[in-house]
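Basis for what follows: all heavy atoms, side chains included, without hydrogens, waters or symmetry-related copies. Nothing here was measured: the structure is a model prediction, and the numbers come from that model.
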2 protein chains.
Amino acid sequence: MATIRDVAKHAGVSVATVSRYLNGKGYVGADTAQAVQRAITDLNYEMNAVARSLTTKQSNLIGLILPDITNPFFPELARAVEDVALTYGYTVVLCNSDENPEKEKNYIETLQKKYVAGFIVTSSQHNRDVYMELKKPMVALDRPIDASIPCVISNNRQGLKDSTRSLIQSGCKELLFVEGPNHIQSASERKQGFEEAMAEVQHVKEHHIQANFHFDESYEKVKAYLTAHPEVDGIATSSDVAALGAIRACTELGLAIPQDIQIIGFDGIQLGEMLSPPLSTVRQDIYKLGAMAARILIKQIEKEPLESLYYEVPVELVHRGTTRS
Amino acid sequence: MATIRDVAKHAGVSVATVSRYLNGKGYVGADTAQAVQRAITDLNYEMNAVARSLTTKQSNLIGLILPDITNPFFPELARAVEDVALTYGYTVVLCNSDENPEKEKNYIETLQKKYVAGFIVTSSQHNRDVYMELKKPMVALDRPIDASIPCVISNNRQGLKDSTRSLIQSGCKELLFVEGPNHIQSASERKQGFEEAMAEVQHVKEHHIQANFHFDESYEKVKAYLTAHPEVDGIATSSDVAALGAIRACTELGLAIPQDIQIIGFDGIQLGEMLSPPLSTVRQDIYKLGAMAARILIKQIEKEPLESLYYEVPVELVHRGTTRS
DNA sequence: GTGAAAGCGCTAACAG
DNA sequence: CTGTTAGCGCTTTCAC
């Protein structure tokens, strides 16, 4: 591994000059530049990232903190982040937090010791303080942390409003809403959307249950509820995985989808399309969410100005096989 | 941020002593140790990982190179790797290669400049040379790279043999096998398993098609094939996602699963259980695969001896809703 | 324009 | 057992 000193010697200049050339700052004469470049290619020189970080106190690492990559919503997000990070020369460190504040804090500290360039975080507000004190570029993804921290998020309220309305329009009279965990802002916004849509109509009965974003809980609670309330003829959920649970519950109860009961999810995970019948849902542009977050983070890292602190990406109702209209 | 020098001063010792204490190597007197520890807690000292890397030429970064985190097989793998990496104090960098040798090479170089500790790689043999030259600890995950590189893998052959046999036992007479891309060794082993099972019986007809591990291609090819060969009464696939495609094809053709046609996948992705009906499959212990790979890599990094270069993890046939037996 | 030199924070001989 | 010292490879004043 050639060092900057080898290059300098080979080119007959000083290391300072090579450094300047490498970083494109400060003056370097045209002929000198030539010589340096030649030396670099001759020696097949590659800069040592660690040494550089030590002096600049800055690396090109990006910390991606999310609850659990195993939740089908996140892989696409992570992929998007990684893709744009790569094109800008950054590298992403994967951190599964399990929504555990301690784990998040740990990762943050570990990465700070590595002079991480910034963070992209999907976390609830339980950990706001940690992030507020963090003197690093960062962006909140899918869930706001604090109004002062740039945030990229879907229009959750509108999405659930749309899905609820569409269920109503296609004739549902007894609507069950499977809420998410309301301490997560995105989830409570979705709930709000549901309620707004319900407020617009008179003769539709509202049913509620709460479940986390997991299959099992959703399945069990929906099944129990439907057993007690067989009049329900439409289900809107706060996540696609919850919708899968609802589908299972309905199937086991012998309900035909969408004839007897309609179901519409939320998220737009890729697996929704692979189902038979495919899942009707409110699709978030998950990839875009991740890509924007990465782009915005990198802007901050590179000291470019941000247009806004709040980026909302639109959401799209997609009717597939589990709804009638 | 306190440095080692601050600690030394505060404790009234030299930096070398502090360093020794920190690393637990070399002698440090009991009382000195006390003083150093006090200084550390007093100053809230945290070691600078970059400076350390610069001298030791070693970091605690692990590169995880896989085709695409968006493929449902990988998130669980990544999670497992991350979990064990964390418990051993390592940090994982996520690299999506798209099976592109250039991208892999790039990541490898980028990470080497950071003194990465080692690599966990899911790659085909197209890139064997790159890895053979790589003087770093590494382990091949899910796909062997070279006999000299430690490898963690499922018993693919046995798995497909089991699934095929079970289809035969439950009465299938016209079996379609949806192959994966055979340049991937795991895929060709699965094919071999299928053929071995078929060789055991007389009056079962064999059908083949090839598809990659993606939904769309599988769906289209299966649909076309079934249209031309309606006699097929059982489908074994080389991946769960391919099975999803097959399910869609059957559904659209009005075939009842598992009454008219049985389907069995391979992988054991979590979404298989969330389907209605849930997918029968050959379950790999994906988490274990990832966890073992990480453990084995770390052993190498920490110069512990390896028992073997080949770790095969068993596979389990699970009958759920898409098969009759 | 270019070079000399002083670090960045830590480790690792080598003395003592 | 402990301290001195010379780097690791690069950036960055500050002179020339």
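Taking 4.0 angstrom as the limit, A:Thr17 places a side-chain polar atom (N or O) nearer than this to OP1 or OP2 of C:dG3. When the side-chain nitrogen and oxygen atoms of A:Asn48 are compared with OP1 and OP2 of D:dC8, none of them lie within a distance under 4.0 Å. Proximity of A:Ser19 to the phosphate of D:dT11: a side-chain N or O atom is located under 4.0 Å from OP1 or OP2.
Between A:Tyr21 atom OH and C:dT2 atom P there is a gap of 13 Å when expressed in whole angstrom units. When rounded to the nearest whole Å, the span between CD1 of B:Ile4 and P of D:dT5 equals 17 Å. If you measure from atom CG of A:Asp31 to atom P of C:dT2, you get 6 Å, rounded to the nearest angstrom. Per the geometry, CZ belonging to B:Arg20 stands 8 Å off C1' belonging to D:dC1, to the nearest Å. Distance B:Tyr115 OH to C:dT11 P: 15 Å, rounded to the nearest Å. B:Glu46 places its CD atom 14 Å from the C1' atom of C:dG9, with the value rounded to the nearest Å. Distance, A:Met47 CE to D:dC8 C1': 15 Å, rounded to whole Å. We find that CG of B:Asp6 is positioned 10 Å from P of C:dC8, with the value rounded to whole Å.
The listed nucleotides are D:dT4, C:dC10, D:dC1; the one nearest the side chain of B:Val15 is D:dT4. Here D:dT2 is the nucleotide among C:dC10, D:dT2, C:dT11 with the atom lying nearest to any side-chain atom of B:Tyr27. Counting only heavy atoms from C-beta on, A:Ala16 has its side chain closest to C:dG3 among D:dG9, C:dA12, C:dG3. Of the candidate nucleotides C:dA4, C:dT11, D:dC8, C:dA4 has the atom nearest to the side chain of A:Ser14. For A:Thr32, the listed nucleotide lying nearest its side chain is C:dT2; candidates were C:dT2, C:dT11, C:dG9.
The side-chain heavy atoms of A:Lys299 and A:Pro150, taken from C-beta on, include no pair separated by under 4.5 Å. For the pair B:Leu111 and B:Cys95, the minimum side-chain heavy-atom distance is below 4.5 Å.
Each of A:Tyr45 and B:Thr55 lies near DNA chain D, and the nucleotide nearest B:Thr55 is the one positioned closer to the 5' end. Of the two residues contacting DNA chain D, namely B:Val28 and B:Lys57, the nearest-nucleotide position lying further toward the 5' end is that of B:Val28.
A:Val13 comes within 4.0 angstrom of sugar-phosphate atoms only, judged by non-hydrogen atoms across all strands, and of no base.
Closest heavy-atom contact between B:Tyr45 and B:Ile4: CE1-N, 3.5 Å.
In this structure, B:Gln284 CD and B:Asn156 CG are separated by 6.0 Å, a value rounded to the nearest 0.5 Å.
Heavy atoms of other residues, nucleotides or ligands lying less than 6.0 angstrom from NZ of A:Lys9 number 12 at most.
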